[in-house]
Amino acid sequence: MATAGKLSRKALVPIAVIAALFLLAAPFFIYPTFATRLLCFALFACAFNLLIGYVGLLSFGHAAFFGGSAYITAHALKIWGFPPEVAILAGVVLASAIGFIFGILAIRRQGIYFAMITLALGQMVYFCFLQAPFAGGEDGIQAVPRGMLFGMIDLYHPFALYYSVLAIVGLALAATWRILNSPFGSILGAVRDNELRAVSLGYHVHRYKLGAFVISAALAGLAGSLKVITVQIASLTDVTWQMSGEVVLMTLLGGMGTFFGPAVGAAVITVIEHYLAGFTVPAPVVTGGLFVICVLVFRRGIVGEIIMLLRIRGGSKTQAKDAATSPVHV
């Protein structure tokens with residue numbers, strides 16, 4: 001799928017303001033715990049998009065970071081009695097370590113070979129948690145306590161939980177935005193567009209790809225830690241290859257290569273799965289149909305197509321204005 005162009009800063013400001021106001025008001029008209037879960041999956045999809053949309057690496061093993069961090073955070077909260085901030089940090093550190101190992105083994109390959117290596121490594125992580133005594137097998141780790149964030153914020157209160165997660169996700173996305181708009185992010189774009197040219201310019205491409213892989217893994221781990229605090233259970237569902245496939249679908253549906261597109265795709269998929277759980281038509285059938293429509297009709301994804309339409313409209317207005325002000329030659 002082709003990546004969509006960027007919006008101008010002038011067009012981006014009102015969109016950002018509207019999104020911020022919506023997120024601040026969301027728990028008042030959406031069940032707060034469900035809204036918090038949406039934020040977690042939005043961060044997960046954005047973490048995956050950092051790798052595929054801005055570096056061009058398709059990973060089928062991102063559930064290992066998401067679920068691995070969830071298990072460690074759950075264990076740290078329930079068994080070790082750590083406060084939430086320390087438990088989240090432990091999960092992110094583990095996800096970063098797993099990402100470093102995955103990256104070392106996979107980044108020297110490209111295309112389908114890279115994807116298959118990450119899939120195989122992800123399945124190894126799945127079987128490790130399946131057999132690990134502390135992980136609880138198929139039952140997982142249940143009744144995970146939420147605790148008091150920084151000893152002051154009671155995460156058992158739904159609104160406190162939502163706004164705490166919103167703040168953490170907002171800071172994580174702001175850091176990601178800063179990284180992508182730094183010289184490091186520019187080099188990642190060069191690697192994605194033409195890796196051989198980046199090598200010829202003297203850049204150590206593998207180091208940059210490994211750095212991006214570890215950052216993506218850390219963000220995915222942060223999403224997993226926040227998710228396990230929200231739903232209070234860590235299960236094998238979080239580390240299966242199906243979860244890796246689901247985040248691919250979220251990213252492509254929302255708009256690969258757009259900053260907020262994956263978050264929109266995550267919201268759409270999560271809402272569909274939630275509200276179709278009691279219907280006779282299985283949710284995977286609906287999401288699969290959406291994916292087919294996305295591939296056939298709007299290949300840039302939801303946000304990608306919106307950006308393209310806005311750019312076309314803006315370009316048309318500019319051309320019309322230039323035509324109106326230009327002299328007429330007879």
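Positions are given from 1 along the sequence. Heavy-atom basis, side chains included; hydrogens, waters and symmetry copies ignored.
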**Item:** Residue pair Phe259, Tyr54: steps toward the ring-ring contact (aromatic ring centres under 6.0 Å, His included) verdict
**Value:** CA-CA 10 Å; Phe259 189 76; Tyr54 294 94; 7.2 Å; no
[X] (side chain) donor-acceptor with [Y] (main chain) under 3.5 angstrom:
X	Y	value
Asn49	Gly261	no
Ser216	Leu50	no
Asn181	Trp177	yes
Arg300	Met308	no
Gln232	Val144	yes
Thr73	Ala87	yes
Tyr126	Leu121	no
Thr270	Leu38	no
Thr258	Phe260	no
Thr230	Arg37	no

Is any side-chain heavy atom of [Y] closer than 4.5 Å to one of [X]?
X	Y	answer
Leu155	Ile229	yes
Val169	Leu226	yes
Phe60	Phe114	no
Val92	Ser96	yes
Phe48	Met250	no
Pro145	Tyr156	yes
Ser235	Asp238	yes
Pro27	Tyr163	yes

Inter-residue atom distance [X].[atom1] - [Y].[atom2], 0.5 Å rounding:
X	Y	atom1	atom2	value
Leu77	Ile72	CG	CD1	11.5 Å
Thr240	Glu246	OG1	CD	8.5 Å
Ile141	Phe134	CD1	CZ	6.0 Å
Tyr162	Thr36	OH	OG1	7.0 Å
Cys46	Leu219	SG	CG	9.0 Å
Ser59	Phe213	OG	CZ	4.5 Å

**Prompt:** Which residues satisfy the side chain to side chain contact (heavy atoms under 4.5 Å, CB included) test with Ile187, sequence neighbours excluded?
**Reply:** Val191, Tyr203, Tyr208
**Request:** Could you give me the CA-CA distance, side-chain angles and deciding distance for Phe22 and Phe29, then say whether ring-ring contact (aromatic ring centres under 6.0 Å, His included) is met?
**Result:** CA-CA 10 Å; Phe22 173 79; Phe29 54 88; 5.7 Å; yes
[X] and [Y]: same hydrophobic cluster, using ILVMFWY side-chain contacts below 4.5 Å?
X	Y	value
Leu119	Met243	yes
Phe41	Val268	yes
Ile215	Leu171	no
Ile168	Met148	no
Val93	Tyr71	no

**Request:** Hey, can you tell me if Phe65 and His62 have their rings parallel, tilted or perpendicular (30° and 60° cut-offs)?
**Result:** perpendicular
Surrounding [atom1] of [X] (heavy atoms of other residues, nucleotides or ligands, distance under 6.0 Å), is the total greater than 12?
X	atom1	value
Phe184	CZ	yes
Glu138	CD	no
Phe34	CZ	yes
Met124	CE	no

**Prompt:** Of Ile153, Leu161, Val228, which meets side-chain contact (heavy atoms from CB on, under 4.5 Å) against Arg146?
**Reply:**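 Running side-chain contact (heavy atoms from CB on, under 4.5 Å) over Ile153, Leu161, Val228 with Arg146 returns exactly one hit, Leu161.
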**Request:** Give the intermediate values and the outcome of ring-ring contact (aromatic ring centres under 6.0 Å, His included) for residues Phe28 and Phe159.
**Result:** CA-CA 9 Å; Phe28 292 98; Phe159 283 88; 5.3 Å; yes
**Prompt:** When you look at Val239 and Phe66, which way does the side chain to side chain contact (heavy atoms under 4.5 Å, CB included) test go after all the steps?
**Reply:** CA-CA 7 Å; Val239 289; Phe66 181 79; over 6 Å; no
**Complete:** Glu195 meets the salt bridge (charged side-chain N to carboxylate O under 4.0 Å, His left out) criterion, sequence neighbours left out, with Lys209
**Qualifying residues under ring-ring contact (aromatic ring centres under 6.0 Å, His included), relative to Trp241, sequence neighbours excluded** =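 Applying ring-ring contact (aromatic ring centres under 6.0 Å, His included) to Trp241 gives none.
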**Message:** We want to know whether Ser69 and Ser225 form a side-chain donor-acceptor pair, criterion being a heavy-atom distance below 3.5 angstrom.
**Reply:**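 Yes - a donor-acceptor pair under 3.5 Å links their side chains.
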